[in-house]
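Notes for the one structure printed next.
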Amino acid sequence: MSELILASTSSARRALMDGLGLAYRAEAPGVDEVVSPSVSVTDAVRELAARKARAVHQRHPAAWVLGADQLVEVGGEVLSKPEDRSAAREQLRKLVGNTHAIHTGVCLLGPGGQVHEAVETARLTFYAVTAEELERYLDLNEWEGCCGSYRVEEAGQALLERLEGDRANVQGLPMTTVVRLLRRAGFPFFERR
Ligand SMILES: Nc1nc2c(ncn2[C@@H]2O[C@H](COP(=O)(O)OP(=O)(O)OP(=O)(O)O)[C@@H](O)[C@H]2O)c(=O)[nH]1
């Protein structure tokens, strides 16, 4: 099977792929993540995942390349990664006591131009916590590098009242879907090394 490359700088995405046990390596996509504001949030993550995969696939056309992109949607607003603590505070204020959607686009490009792609959505409801509790959570710095300013697999799970969907999707890769795409592409699992 051709080499598998994860077109990502995300440590959370690497951790999820490590768990799968397939041989792969990661490479930064190096693309700008700007899309037209007129594009729907699901089309935006689909396009950006494909853009990241294409950028790495152009450098390694004989490989399989997996790209992903994630955005949060709440009250009609789209959130990505916060620039700083105050931006993270603003994001979390919108999420607490509310239900938001996390959309993740994934795109798997193959050596012969094969394309397998999907967009997965999870819905999360957060407890209505006090401003003081929110400051304590911000002090943990879990907001850094995270779309929506929280980490569902770490202390941020204490904000989570209800989750509908794939928990791995919230972390950065909807692994149920990633496995489906990899199986469609013919990847063998549980190979003896
Ligand atoms: N650990 C963790 N990371 C999260 C969580 N929610 C979102 N993220 C991260 O937030 C980031 C979403 O932003 P993206 O623009 O899709 O990805 P990125 O971080 O720029 O990384 P690239 O794949 O290189 O584009 C990803 O790195 C996700 O792994 C979470 O609950 N836990």
Side-chain angles (χ1 to χ4, degrees), residues 4-20 24-35 39 41-60 64-74 78-85 87-88 91-92 94-96 99-109 117-127 137-138 140-178 181:
L4 176 59
I5 303 173
L6 174 65
S8 179
T9 59
S10 168
S11 56
R13 288 184 172 131
R14 285 199 305 275
L16 288 163
M17 286 300 292
D18 291 347
L20 190 53
Y24 81 98
R25 66 180 177 85
E27 182 169 313
V31 299
D32 74 12
E33 301 193 23
V34 177
V35 289
V39 166
V41 62
T42 49
D43 285 345
V45 295
R46 184 192 308 276
E47 165 50 32
L48 288 169
R51 192 181 300 175
K52 294 175 189 179
R54 278 198 302 266
V56 174
H57 196 255
Q58 279 164 4
R59 299 175 219 148
H60 309 281
W64 282 92
V65 179
L66 178 67
D69 192 76
Q70 185 180 73
L71 288 169
V72 162
E73 188 176 19
V74 60
V78 177
L79 310 178
S80 58
K81 290 176 290 183
E83 296 288 321
D84 53 29
R85 180 180 171 123
Q91 287 197 354
L92 288 169
K94 292 172 182 150
L95 302 184
V96 296
T99 296
H100 66 276
I102 280 223
H103 306 283
T104 306
V106 287
C107 179
L108 180 62
L109 292 185
E117 58 182 2
V119 174
E120 279 304 314
T121 297
R123 295 200 188 292
L124 299 90
T125 301
F126 276 11
Y127 290 105
Y137 180 60
L138 286 163
L140 302 180
N141 291 327
E142 288 190 359
W143 56 266
E144 288 177 327
C146 287
C147 181
S149 302
Y150 63 88
R151 293 189 187 171
V152 77
E153 79 284 12
E154 295 182 21
Q157 62 191 296
L159 295 168
L160 185 59
E161 181 176 3
R162 179 178 165 75
L163 167 64
E164 295 164 72
D166 183 344
R167 182 179 279 260
N169 180 16
V170 182
Q171 284 175 244
L173 280 177
M175 290 310 289
T176 312
T177 300
V178 168
L181 299 186

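Just so you know, ligand 1 is whichever comes first in the structure, and atom 1 is the first atom listed for that ligand.
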With only distance considered, is [X] within less than 3.5 Å of ligand 1 through an N or O on each side?
{"X": "Gly145", "result": "yes"}
{"X": "Gly172", "result": "no"}
{"X": "Val170", "result": "yes"}

**OP:** Could you pull out all residues at least two apart from Thr99 that satisfy side chain to side chain donor-acceptor pair (under 3.5 Å)?
**Re:**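 Thr99: side chain to side chain donor-acceptor pair (under 3.5 Å) contacts with Thr125.
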**OP:** Apply side chain to side chain donor-acceptor pair (under 3.5 Å) to Thr42 and list each qualifying residue two or more places apart in sequence or on a separate chain.
**Re:**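 Testing Thr42 for side chain to side chain donor-acceptor pair (under 3.5 Å), a comparison that skips the adjacent residues, returns Ser40.
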Which ligand 1 atoms are under 4.0 Å away from a heavy-atom of [X]?
{"X": "Glu153", "result": "1 (N), 2 (C), 30 (C), 31 (O), 32 (N)"}
{"X": "Cys147", "result": "6 (N), 7 (C), 10 (O), 12 (C)"}
{"X": "Arg151", "result": "1 (N), 2 (C), 30 (C), 31 (O), 32 (N)"}

Subject >> Donor-acceptor pair, side chain of Gln91 and main chain of Gly148, under 3.5 angstrom >> reply: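 Flag set: sc Gln91 to bb Gly148 pair under 3.5 Å.
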Subject >> Flag, side chain of Gln171 to backbone of Leu16, donor-acceptor distance under 3.5 Å >> reply: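 Checked: no pair found.
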**OP:** Might you point out which heavy atoms bring Ala101 and Thr121 nearest each other, and give the distance in Å?
**Re:**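 Heavy-atom minimum between the residues: CB-CG2, 4.0 Å.
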Original post:
Out of Gln70, Glu33, Glu27, Lys81, whose heavy atom is nearest to atom 7 (C) of ligand 1?
Top reply: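 Of the listed residues, Gln70 has the closest heavy atom.
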Subject >> Salt-bridge present (Arg54, Glu47; N to O < 4.0 Å) >> reply: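 Glu47 and Arg54: salt-bridged.
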